[in-house]
Novice: 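Okay, handing you the structure first.
Side chains included, hydrogens not; waters and symmetry mates left out as well; all remaining heavy atoms used.
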Amino acid sequence: LGLLAGVNLATFGGDDTEGADTRPGFAGGGYLSLGLTPNLSFRPELLYSMKGAKQSFDEDGVSGSVEARFDYLEVPLLLAVDLPVAGSIRPQLYAGPTFAFRVKCEVSASGGGIGISGDCDEFVEPGEEGPRSFDAGAMLGGACRSSSTRGVPPAGGTGQFSAGAE
């Protein structure tokens, strides 16, 4: 059982998103590690992830910006492999599918002295597809865990620290 926290550096991709900048957002939640073998575990996670992008524009003498903010509840279902090495530092690799459910979507724009904002669905034209409320993807990552008996470990066990990247 553990907690995760970090920064999400998502942005948009595609033909009409040239010049879009990253919108840093919080990503965090928890996970449960269920041992299958001594070096293999199933690791379901539940994460709240803030994504989006910002883009500046200059059209016909009018300068402005557009920002989109998407918040998701993500459920990665990962297999984690502890790589057997000597010492107290244990590298770990994990991979698996992830499922994302949109919980919030906001767009704001300003330019030429005018500003608007609202829910993403308010800006979708009839017949056009708006932002997805569900998405699926894959996650690949790694971590280095360190076990230590220095200091006062919680509940008389061993203290543990993990650092990773996804």
Side-chain angles (χ1 to χ4, degrees), residues 1-14 17 20-55 66-108 117-124 129-166:
L1 184 62
L3 296 175
L4 300 167
V7 176
N8 190 333
L9 300 173
T11 191
F12 292 141
T17 60
D21 293 324
T22 298
R23 176 189 169 260
F26 169 77
Y31 67 91
L32 181 62
S33 186
L34 305 168
L36 303 174
T37 70
N39 292 325
L40 181 68
S41 60
F42 174 60
R43 182 175 151 163
E45 299 180 355
L46 183 60
L47 307 171
Y48 190 84
S49 183
M50 301 167 77
K51 301 179 181 184
K54 306 184 267 194
Q55 188 167 9
V66 176
E67 183 175 0
R69 295 173 297 281
F70 300 93
D71 292 1
Y72 286 91
L73 191 59
E74 294 188 4
V75 182
L77 302 174
L78 308 174
L79 280 179
V81 177
D82 289 325
L83 302 177
V85 296
S88 63
I89 295 179
R90 296 181 52 187
Q92 183 182 66
L93 300 176
Y94 48 87
T98 183
F99 306 97
F101 304 88
R102 189 181 79 200
V103 295
K104 185 167 124 181
C105 181
E106 296 175 339
V107 174
S108 61
S117 64
D119 187 90
C120 293
D121 296 327
E122 295 174 21
F123 297 98
V124 177
E129 183 180 341
R132 291 184 239 170
S133 59
F134 172 79
D135 201 5
M139 184 179 286
L140 176 66
C144 285
R145 299 185 325 169
S146 174
S147 296
S148 172
T149 56
R150 295 182 192 162
V152 180
T158 61
Q160 184 171 313
F161 174 78
S162 293
E166 297 176 351

Novice: As an exercise, state the distance from CG of Leu4 to CG of Leu46, rounded to the nearest 0.5 Å.
Specialist: 10.5 Å
Novice: Would you give the length of the straight line joining atom CG of Asn8 to atom NZ of Lys51, rounded to the nearest 0.5 angstrom?
Specialist: 6.0 Å
Novice: Hey, could you give me the SG/OH distance between Cys105 and Tyr72, rounded to the nearest 0.5 Å?
Specialist: 7.0 Å
Novice: Which pair of non-hydrogen atoms, one from Phe70 and one from Pro131, has the smallest distance, and what is that distance?
Specialist: CE2-CB, 3.7 Å
Novice: Can you classify the ring geometry of Phe134 versus Phe99 as parallel (below 30°), tilted (30 to 60°) or perpendicular (above 60°)?
Specialist: parallel
Novice: Could you give the distance from CG (Leu34) to CG (Leu40), rounded to the nearest 0.5 Å?
Specialist: 11.0 Å
Novice: Can you name the nearest heavy-atom pair linking Leu47 to Gly30, along with the distance?
Specialist: CD2-N, 4.4 Å
Novice: Only one of Asp135, Asp121, Asp71 forms a salt bridge (Lys or Arg N to Asp or Glu O under 4.0 Å) with Arg102, so which one is it?
Specialist: Asp121
Novice: How far apart are the C-alpha atoms of Phe42 and Leu32, what are their side-chain angles, what is the distance that settles it, and do they pass the side-chain contact (heavy atoms from CB on, under 4.5 Å) test?
Specialist: CA-CA 8 Å; Phe42 174 60; Leu32 181 62; over 6 Å; no
Novice: Who are the salt bridge (charged side-chain N to carboxylate O under 4.0 Å, His left out) partners of Arg23, not counting sequence neighbours?
Specialist: Glu67
Novice: If every non-hydrogen atom of Phe26 is compared with every non-hydrogen atom of Ala5, which pair is closest and at what distance?
Specialist: CE1-CB, 4.4 Å
Novice: Search all heavy atoms of Val124 against all heavy atoms of Gly130 and return the closest pair with its distance.
Specialist: CG2-CA, 3.6 Å
Novice: Rounded at 0.5 Å granularity, tell me how far NZ in Lys104 sits from CG in Leu73.
Specialist: 14.0 Å
Novice: Measure across Pro24 and Val7 and return the closest heavy-atom pair with its distance rounded to 0.1 Å.
Specialist: CB-CG1, 4.2 Å
Novice: For the atom pair CG (Leu77) and CD (Glu45), what is the distance rounded to the nearest 0.5 Å?
Specialist: 9.0 Å
Novice: Work out which heavy atom in Ala53 is nearest to a heavy atom in Ala20; give both atom names and the distance.
Specialist: CB-CB, 4.4 Å
Novice: Does the side-chain contact (heavy atoms from CB on, under 4.5 Å) test come out yes or no for Val75 and Thr98, once each step is laid out?
Specialist: CA-CA 6 Å; Val75 182; Thr98 183; 5.9 Å; no
